[in-house]
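One structure is given here, and the rest of the page talks about it.
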Amino acid sequence: MDKIKIIGGRQLNGLIHISGAKNAALPLMAATLLTDEKVTLSNMPMLSDVTFLNKLLRELGTEIEEKQDIINAYPSNTYTYQTKDFKSLVAPYDYVRKMRASYYVLGPILTRVGHVELSLPGGCAIGARPMDIHLNSLEKMGAVIEIKNGYVIADAPKGLKGTHIIFEKASVGATCNILMAATLAKGETLIENAAQEPEIGDLIDLLTKMGAKIEGKNTSQLKIEGVKSLKSATHQVLPDRIEAGSYAIAAAITKGRIHLAGAVAEHLKTPLNILRAMDIKITEKPDGIVVNAQNAVMTGQDIMTDYYPGFPTDLQAQFMALMTVTPGASMVTENIWENRFMHVPELMRMGANINVHGHASAIVRGVKKLSGAPVMATDLRASFALVLAGLAAEGETIVNRVYHLDRGYEKLEEKLKAVGADIERIKEED
Ligand code: EPZ
């Protein structure tokens with residue numbers, strides 16, 4: 001398994017291009033299953049999660065054409081998807097176990113052909129991650145659902161029916177799945193307490209181009225009038241706000257200045273406000289955001305993760321890494337996932353002073369210096385937090401289990417090297 005070696009202590013200055021958003025790309029790819037016509041997605045990030053979902057789509061019967069493109073002077077992939085007929089209606093255990101987002105195929109296949117079998121994903125490193133909201137909502141829309149041998153077997157031979165659904169929690173995954181299912185259901189579906197993350201807005205944009213009738217984009221109430229069929233469309237994936245936020249924190253932790261080309265400030269309001277409160281200069285440009293921490297006199301800040309537009313849970317670990325070297329005390333509260341402090345013991349091995357209270361909050365007291373160490377994390381964002389700690393630490397840090405980073409950060413070493421980091425990948429045979 002590859003490792004990443006970092007020699008810390010360098011100030012990062014320069015430009016980083018922000019890639020297409022992983023968490024937008026995955027539901028967009030599943031949405032292509034809703035039609036037998038061609039759907040083209042550009043600005044697709046080059047990530048293992050995308051490659052993996054492409055593999056599942058091919059198994060289901062999707063033909064995929066791939067080409068390299070230049071978007072805003074930066075290379076990315078463009079894929080054209082077409083699922084004329086399904087070869088299989090089963091999303092097997094091996095796929096869903098390795099990537100939960102495989103469950104996005106549930107809503108589209110069920111609504112288009114009336115039957116689907118999906119392995120239940122089970123829990124993961126950050127929490128139990130149930131699917132009850134997805135399944136209860138599909139049942140309300142008339143699906144008959146059975147759980148057998150670890151699989152969800154869903155049937156709706158006469159199609160799904162529009163209905164009024166109130167989500168118990170503003171789940172991103174359930175909002176995407178039910179939104180896609182409702183586009184081809186009979187009549188009107190009203191979703192209340194829908195998630196409002198920008199990635200959902202991106203999905204609504206693609207579905208609308210495909211002919212879906214959806215009202216309420218960027219609100220918690222979505223009204224979908226089902227249509228008979230959807231058609232061909234072309235769509236550019238929006239920039240990754242979590243990648244942008246992660247590199248904004250890289251500028252902060254190294255007291256540098258990074259131009260995040262392509263980043264959208266509107267999608268990062270809460271985290272950017274926290275950085276501003278730390279005396280970091282944030283400048284919005286027509287082509288992105290400049291984060292300048294060169295002369296900042298930083299002090300600890302409290303954060304609480306919440307549904308969008310609150311502080312994103314997917315930036316919590318990275319923010320905590322920053323707090324470990326920021327003078328003063330900071331309180332970090334995780335409200336979305338029940339087990340998302342797995343980075344804490346690793347940060348402490350590098351010299352961080354962190355006290356965890358229960359499973360939801362931690363007090364971080366800034367130390368003068370972290371020291372490099374071999375570390376590993378159990379999920380994508382925690383792994384990036386360790387990269388950040390390594391960039392700030394004295395000496396050498398080796399981040400193990402790099403496959404986590406490859407799921408969500410395109411060309412990580414290349415991007416960090418370009419702004420002055422001393423970072424390299426050590427290739428190792430499995
Ligand atoms: C998405 O996961 C993201 N993944 C996650 O990013 C992100 O952390 C999360 O949204 C929250 O923003 C993708 O977009 C692929 P949820 P998702 O359904 O959709 C509970 C990353 O690092 N819940 O919004 O799975 C759930 O347990 C990943 O890129 C139920 O109770 O998250 C959690 O407490 C990690 N029942 C809360 O809702 C359900 O049926 C929010 O989960 C569904 C969810």
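Remember, it's 1-based here, ligands and their atoms both numbered in the order they're listed. Note that the structure is a prediction, hence the values are computed from the model and not measured. The basis for the numbers below is simple: all heavy atoms, side chains too, and nothing from hydrogens, waters or symmetry mates.
The nearest protein atom to atom 11 (C) of ligand 1, hydrogens excluded, is given as Thr313 CG2, 3.9 Å; this is a heavy-atom distance. Among protein heavy atoms, atom 15 (C) of ligand 1 sits closest to Asn23 OD1, 3.3 Å. Summary of contacts: the protein heavy atom closest to atom 2 (O) of ligand 1 is Arg129 NH2, 3.4 Å. Regarding atom 22 (O) of ligand 1, its nearest protein heavy-atom neighbour is Arg381 NE, 2.9 Å. If you check which protein heavy atom lies closest to atom 36 (N) of ligand 1, you get Asp132 OD1, 2.7 Å. For atom 20 (C) of ligand 1, the closest non-hydrogen atom on the protein side is Lys169 CD, 3.8 Å. Ranking protein heavy atoms by distance to atom 5 (C) of ligand 1, first place goes to Asp314 OD2, 3.6 Å. The single protein non-hydrogen atom nearest to atom 1 (C) of ligand 1 is Val172 CB, 4.0 Å, given as residue, atom name and distance.
Counted by atom type alone, Glu37 and Ser232 present zero donor-acceptor pairs between their side chains at under 3.5 Å. Under 3.5 Å, the side chains of Glu197 and Tyr307 contain no donor-acceptor pair of N or O atoms.
If you number the atoms of ligand 1 from 1 as listed, the ones under 4.0 Å from a heavy atom of His134 come out as 40 (O). When each atom of ligand 1 is checked for a heavy atom of Met131 under 4.0 Å away, the hits are 40 (O). Heavy-atom proximity to Ile336, at under 4.0 Å, picks out these atoms of ligand 1: 33 (C), 34 (O), 41 (C).
The 12-atom threshold is not exceeded at NZ of Lys38, counting heavy atoms of other residues, nucleotides or ligands nearer than 6.0 Å. Crowding of Lys223 atom NZ: a count of heavy atoms from other residues, nucleotides or ligands under 6.0 Å not exceeding 12. The number of heavy atoms from other shown groups lying within 6.0 Å of CE (Met46) is above 12. With a 6.0 Å radius and a threshold of 12 heavy atoms from other residues, nucleotides or ligands, Tyr93 has its OH atom at or below the threshold.
Which of Ser137, Ala170, Pro130 comes nearest to atom 27 (O) of ligand 1 through a heavy atom is settled by distance: it is Pro130. Of the listed residues (Leu380, Leu26, Ile133), the one carrying the non-hydrogen atom nearest atom 40 (O) of ligand 1 is Ile133.
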For residues 157-181, which side-chain donor-acceptor pairs fall under 3.5 Å, sequence neighbours excluded?
{"unit_1": "His164", "atom_1": "NE2", "unit_2": "Glu192", "atom_2": "OE2", "d": "2.5"}
{"unit_1": "Ser171", "atom_1": "OG", "unit_2": "Gly173", "atom_2": "N", "d": "3.4"}
{"unit_1": "Ser171", "atom_1": "OG", "unit_2": "Ala174", "atom_2": "N", "d": "2.9"}
{"unit_1": "Thr175", "atom_1": "OG1", "unit_2": "Ser171", "atom_2": "O", "d": "2.6"}
{"unit_1": "Thr175", "atom_1": "OG1", "unit_2": "Ala195", "atom_2": "N", "d": "3.0"}
{"unit_1": "Asn177", "atom_1": "OD1", "unit_2": "Gly107", "atom_2": "N", "d": "2.9"}
{"unit_1": "Asn177", "atom_1": "ND2", "unit_2": "Tyr103", "atom_2": "O", "d": "3.1"}
{"unit_1": "Asn177", "atom_1": "ND2", "unit_2": "His134", "atom_2": "ND1", "d": "3.1"}

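Remark: distances from the non-hydrogen atoms of Tyr103 to ligand 1 include one below 4.0 Å. Note on ligand 1: Lys22 sits in its first shell, one or more heavy atoms being nearer than 4.0 Å. At least one heavy atom of Arg340 lies less than 4.0 angstrom from ligand 1.
Between Tyr81 and Tyr79, the two ring planes are tilted [angle within 30° to 60°].
Of the N or O atoms in Gly173, one or more lie within a sub-3.5 Å distance of an N or O in ligand 1.
With a 4.0 Å heavy-atom cut-off, ligand 1 is reached by the side chain of Trp337 but not by its N, CA, C or O.
With Asp406 as the partner, the salt bridge (charged side-chain N to carboxylate O under 4.0 Å, His left out) test is satisfied by one option alone out of Arg425, Arg401, Lys22, Lys411: Arg425.
The pair Arg241-Glu199 counts as a salt bridge, with a side-chain nitrogen and a carboxylate oxygen less than 4.0 angstrom apart.
Taking CG of Leu238 as the start and CG of Asp202 as the end, the distance is 4.5 Å to the nearest 0.5 Å.
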